[in-house]
Undergrad: 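Sharing a structure with you now.
No hydrogens, no waters, no symmetry mates; every other heavy atom, side chains included, goes into these values. Counting starts at 1 for both ligands and their atoms, in listed order.
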Amino acid sequence: MSSIFGGIEAGGTKFVCAVGSGPGDIHAEIKFPTTTPQETLGRAIAFFRQQSARSAISALGVACFGPLDPDPASPTFGHITTTPKPGWAHIDVVGVLRQALGVPVGFDTDVNGAALAEFRWGAARGLDTFIYLTVGTGVGGGGMAGGRLLHGLIHPEMGHIRLPHDHQADPFPGICPFHGDCLEGLASGPALAARWGQDGATLPPDHEAWDLEAHYLALALVNYICVLSPQRIIMGGGVMHQPRLLPLIRAKVQELLNRYVQASAIMEHIQSYIVAPELADRAGVLGAIALAMEAVRPPTQPPPASAIASQGEE
Ligand code: ADP
Ligand code: ZN
């Protein structure tokens, strides 16, 4: 009998809770708006209690908006940290859920969750170093390096990198409350809306907005490619629903790299190098389920260097 897992896609505007074990196996799902922590986590707990009365849940995973503390060795592991979202700063999400539900809780950024789901079931199968970038209300990136989800000091903040910004060509100052014209400040959904005076969803495909949007995203991708050498970049989020964006970004990435990175994946097969999520808008909630699976089954460690060396000598 296969195990059942619970997952929470904990977003700044909505929570999605589900139980199941993968894309073809979701037994129940519920969505509700993110209000106060007490009310929102309370609704999640009620849902999982009701579900576990039917069949026991082995573990819970939370793919969460951030910034957050994903380090299990830290005293504030499982907390959201400095979010400007009212009421949510320093909330112990994992502690509350673990105490109420009594199961192991996996916890990571929403984008690392989505990256893990794409790794298990989607566009990153078989890869060990890749990026999952979301361009929506915010811009955020997660992924893996050498088969491990990207962590470190805290977690990557790929949305807040600085880019060349030609103020003459684009006088828009950017909307990031911390940095103004970082990537998120220039290219998130709300930045698009503020710059052009209408929501990205209503901007026509031939609007000049898309060329500029693709320009900033391509600059960001080129930086990630140079730093991490990802085997693939997966781009999700509401803004990427504009179908012109992916082809524009691919062309600009090639142009910016100028054949310097000698990889056929980029030079000849870029349409399968910069891609949409295979799990589409399900990557978030499936990521939460995948994090639950990791909570009870730690990822296999890469073999020690000596083992690799001795294999090579055989
Ligand atoms: P979130 O980031 O909050 O999880 P989404 O990934 O759905 O949510 O992103 C929401 C953002 O995407 C909004 O700013 C919205 O304007 C923008 N958006 C949604 N649909 C489109 C579209 N078809 N084209 C461009 N932008 C869109
Ligand atoms: Zn910023």
Undergrad: What protein heavy atom is closest to atom 26 (N) of ligand 1, reported as residue, atom name and distance in Å?
TA: Val239 CA, 3.4 Å
Undergrad: For His179, what is the atom name of its N, O or S atom nearest to the Zn ion (ligand 2)?
TA: ND1
Undergrad: Can you tell whether the side chains of Asp170 and Arg195 come within less than 4.0 Å, N to carboxylate O?
TA: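 Salt bridge between Asp170 and Arg195, a charged N being under 4.0 Å from a carboxylate O: yes.
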Undergrad: Where is the tightest heavy-atom contact between Phe65 and Gly11, given as atom of each residue plus distance?
TA: CD2-C, 3.6 Å
Undergrad: For Arg148, is there an ion pair with Asp128 - N to carboxylate O distance below 4.0 angstrom?
TA: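 Arg148 and Asp128: not salt-bridged.
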Undergrad: So if I count the atoms of ligand 1 from 1 in the order they appear, which ones are less than 4.0 Å from some heavy atom of Pro190?
TA: 14 (O)
Undergrad: Examine Ile80 and Val111 and state if one hydrophobic cluster contains both, with Ile, Leu, Val, Met, Phe, Trp and Tyr joined whenever side-chain heavy atoms are less than 4.5 Å apart.
TA: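 Unlinked, Ile80 and Val111 end up in two clusters.
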Undergrad: Compute the shortest N/O to N/O distance between Thr137 and ligand 1 and return yes if it is under 3.5 Å, no if not.
TA: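 Yes; the residue has a nitrogen or oxygen that sits under 3.5 Å from a nitrogen or oxygen of the ligand.
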Undergrad: Regarding atom 24 (N) of ligand 1: of the candidates Gly136, Gly189, Gly200, which has the closest heavy atom?
TA: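 Minimum heavy-atom distance to atom 24 (N) of ligand 1 goes to Gly200.
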Undergrad: One thing to verify: whether Glu9 and Lys31 come together as a salt bridge, which I'm taking to mean a side-chain N less than 4.0 angstrom from a carboxylate O.
TA: no
Undergrad: Do any N/O atoms on Asp199 end up under 3.5 angstrom from N/O atoms on ligand 1?
TA: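 Between Asp199 and ligand 1, an N or O pair is found under 3.5 Å apart.
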Undergrad: For Val103 and Phe5: C-alpha separation, side-chain torsions, deciding distance, then whether side chain to side chain contact (heavy atoms under 4.5 Å, CB included) applies.
TA: CA-CA 10 Å; Val103 292; Phe5 300 90; over 6 Å; no
Undergrad: Considering just N/O/S atoms, say which atom of His160 is closest to the Zn ion (ligand 2).
TA: ND1
Undergrad: Is the shortest distance from a Lys or Arg side-chain nitrogen in Glu118 or Arg282 to a carboxylate oxygen in the other one below 4.0 Å?
TA: no
Undergrad: Can you spot which of Ile131, Ile274, Val275 makes a side chain to side chain contact (heavy atoms under 4.5 Å, CB included) with Met235?
TA: Ile274
Undergrad: Any idea which atoms of ligand 1 are less than 4.0 Å away from a heavy-atom of Gly237?
TA: 6 (O)
Undergrad: Please list the nearest protein heavy atom to atom 23 (N) of ligand 1 with its residue and the distance rounded to 0.1 Å.
TA: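 Atom 23 (N) of ligand 1 sits closest to the protein heavy atom His241 CB, 3.4 Å.
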Undergrad: Could you tell me, atom by atom, which parts of ligand 1 come under 4.0 Å of a heavy atom of Trp210?
TA: 25 (C)
Undergrad: Quick test: of every protein heavy atom, which one is nearest to atom 20 (N) of ligand 1, and how far off is it to 0.1 Å?
TA: Gly238 O, 3.5 Å
Undergrad: Would you say atom 18 (N) of ligand 1 has a protein heavy atom nearer than 4.0 Å?
TA: yes
